[in-house]
Amino acid sequence: KEELARTQDEQVRTLLGIEQSALKLTANSIYGCLGRPSFRFASAAIANLITREGRSALTAASHAARKARFRVLYGDTDSMMIDATGRGEAAVDRLAADINADYRYMHMVRDRAYSRVLILAKKKYAALKRGESKPEVKGMDMVRRDWCSLSKDAAREVVDAIIVGDAPLDEIATEIYSIAKRTFERAKRSSDPDIFAITKKLSKDPSPAKVGGSGSDAQYDAAARLLA
């Protein structure tokens, strides 16, 4: 990550990004295999150790942040969000250095700075990076495949109303109410059925022979009927 942040060469950045993804995928796959009983070298003890050590490191980082008078907003698996309003990047870097002092093989770094954050639940949040105008969205309905375009458009408008700009809360609430009314009218008056369509990606070929069978999923049944 540090090398990726330093380089400006797009080709090098692409290669580093691929390497980073490969390492993460390999680590996740090893953990998954260790916890799978059918895996030749399965070990529930090692799989549990991995999750326990991860929780322990995240808890320790959270305690260190609170001790340094940062407000912890969110923590999940291998990352933590803190409120550093008025503290500056140097203070955050000092916190990371203090946390890293307790570990040999784990290294925490300052990753992104947001001006506004909307956290709905675990792995579901929207945030606006400093100096940018388009929110970064993780796990919310507007980026999921299994939601119709009508709900995605409404969610995107609501997120923009909350995250983008500096409007006071009462104006944001008024705008969200207006978005809800516009969405209702659009749903009521639209003659385009596609705005209600929910798409679902199939990872295997649908079989007409298995329609309605035990363990079959609705999306596979629907696809199989169309192909029959």
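Computed from heavy atoms alone, side chains included, the values below leave out hydrogens, waters and symmetry copies.
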Asks: Got a second to check how far Ser29's OG is from Arg36's CZ, nearest 0.5 Å?
Replies: 12.0 Å
Asks: First locate atom NZ of Lys181, then atom OH of Tyr177, and finally report the distance between them rounded to the nearest 0.5 Å.
Replies: 4.5 Å
Asks: Would you say Tyr103 and Leu95 are hydrophobically clustered, going by side-chain heavy atoms of ILVMFWY under 4.5 Å?
Replies: yes
Asks: Working to the nearest 0.5 angstrom, can you tell me the gap between Arg13 CZ and Thr7 OG1?
Replies: 7.0 Å
Asks: Tell me, do Met81 and Ile119 make a side-chain contact under 4.5 Å, heavy atoms counted?
Replies: yes
Asks: Where is the tightest heavy-atom contact between Ile172 and Ala167, given as atom of each residue plus distance?
Replies: CD1-O, 3.4 Å
Asks: Closest heavy-atom contact between Leu128 and Pro135?
Replies: CD1-N, 3.9 Å
Asks: Testing the 3.5 Å rule here: is there a donor-acceptor pair between the side chains of Thr85 and Asp83?
Replies: yes
Asks: For the atom pair CD1 (Ile99) and CZ (Arg94), what is the distance rounded to the nearest 0.5 Å?
Replies: 13.0 Å
Asks: Looking only at heavy atoms, what is the nearest atom pair of Ala96 and Met108, with distance?
Replies: CB-O, 3.5 Å
Asks: Scan for side-chain hydrogen bond (donor to acceptor under 3.5 Å, both in side chains) pairs involving residues 116-133, sequence neighbours excluded, and state none if there are none.
Replies: Asp76-Lys123
Asks: Counting only heavy atoms not in Phe39 (residues, nucleotides, ligands), do more than 12 fall under 6.0 Å from its CZ?
Replies: yes
Asks: So does Leu169 have more than 12 non-hydrogen atoms from other groups sitting under 6.0 Å from CG?
Replies: no
Asks: Do Phe184 and Leu150 sit in the same hydrophobic cluster, where Ile, Leu, Val, Met, Phe, Trp and Tyr count as joined when their side-chain heavy atoms come under 4.5 Å apart?
Replies: no
Asks: Restricting to non-hydrogen atoms, name the atom on Ile179 and the atom on Ala154 that form the minimum distance, rounded to 0.1 Å.
Replies: CG2-O, 4.0 Å
Asks: Is the shortest side-chain N to carboxylate O distance from Asp153 to Arg186 below 4.0 Å?
Replies: yes
Asks: Find out if a path of hydrophobic residues (ILVMFWY) with successive side-chain heavy-atom gaps under 4.5 Å connects Val137 to Val158.
Replies: yes
Asks: Indicate yes or no: does Glu185 engage Lys188 in a salt bridge with an N to O separation below 4.0 Å.
Replies: yes
Asks: Pairs of donor and acceptor atoms involving the side chains of residues 45-62, under 3.5 Å and at least two apart or interchain, shall be tabulated with distances.
Replies:
from  : atom 1 : to    : atom 2 : distance (Å)
Asn48 : ND2    : Ala44 : O      : 3.1
Thr51 : OG1    : Asn48 : O      : 2.9
Thr59 : OG1    : Arg55 : O      : 2.8
Ser62 : OG     : Arg66 : NH1    : 2.4

Asks: Hey, any chance Val117 and Met80 share a hydrophobic cluster, counting ILVMFWY side chains that come within less than 4.5 Å of each other, even indirectly?
Replies: no
Asks: For Ile195 versus Ser149, what's the shortest heavy-atom pair and its separation?
Replies: CA-OG, 3.2 Å
Asks: When you group the ILVMFWY residues by side-chain heavy-atom contacts below 4.5 Å and let the links chain together, are Ile82 and Met106 in the same group?
Replies: yes
Asks: Listed by chain and number, what are the salt bridge (charged side-chain N to carboxylate O under 4.0 Å, His left out) partners of Glu10, not counting sequence neighbours?
Replies: none
Asks: Give, for atom CG of Leu25 and atom CD1 of Ile18, the distance between the pair rounded to the nearest 0.5 Å.
Replies: 13.0 Å
Asks: Determine the minimum heavy-atom distance between Ile163 and Ala127, stating which atoms define it.
Replies: CG2-C, 4.3 Å
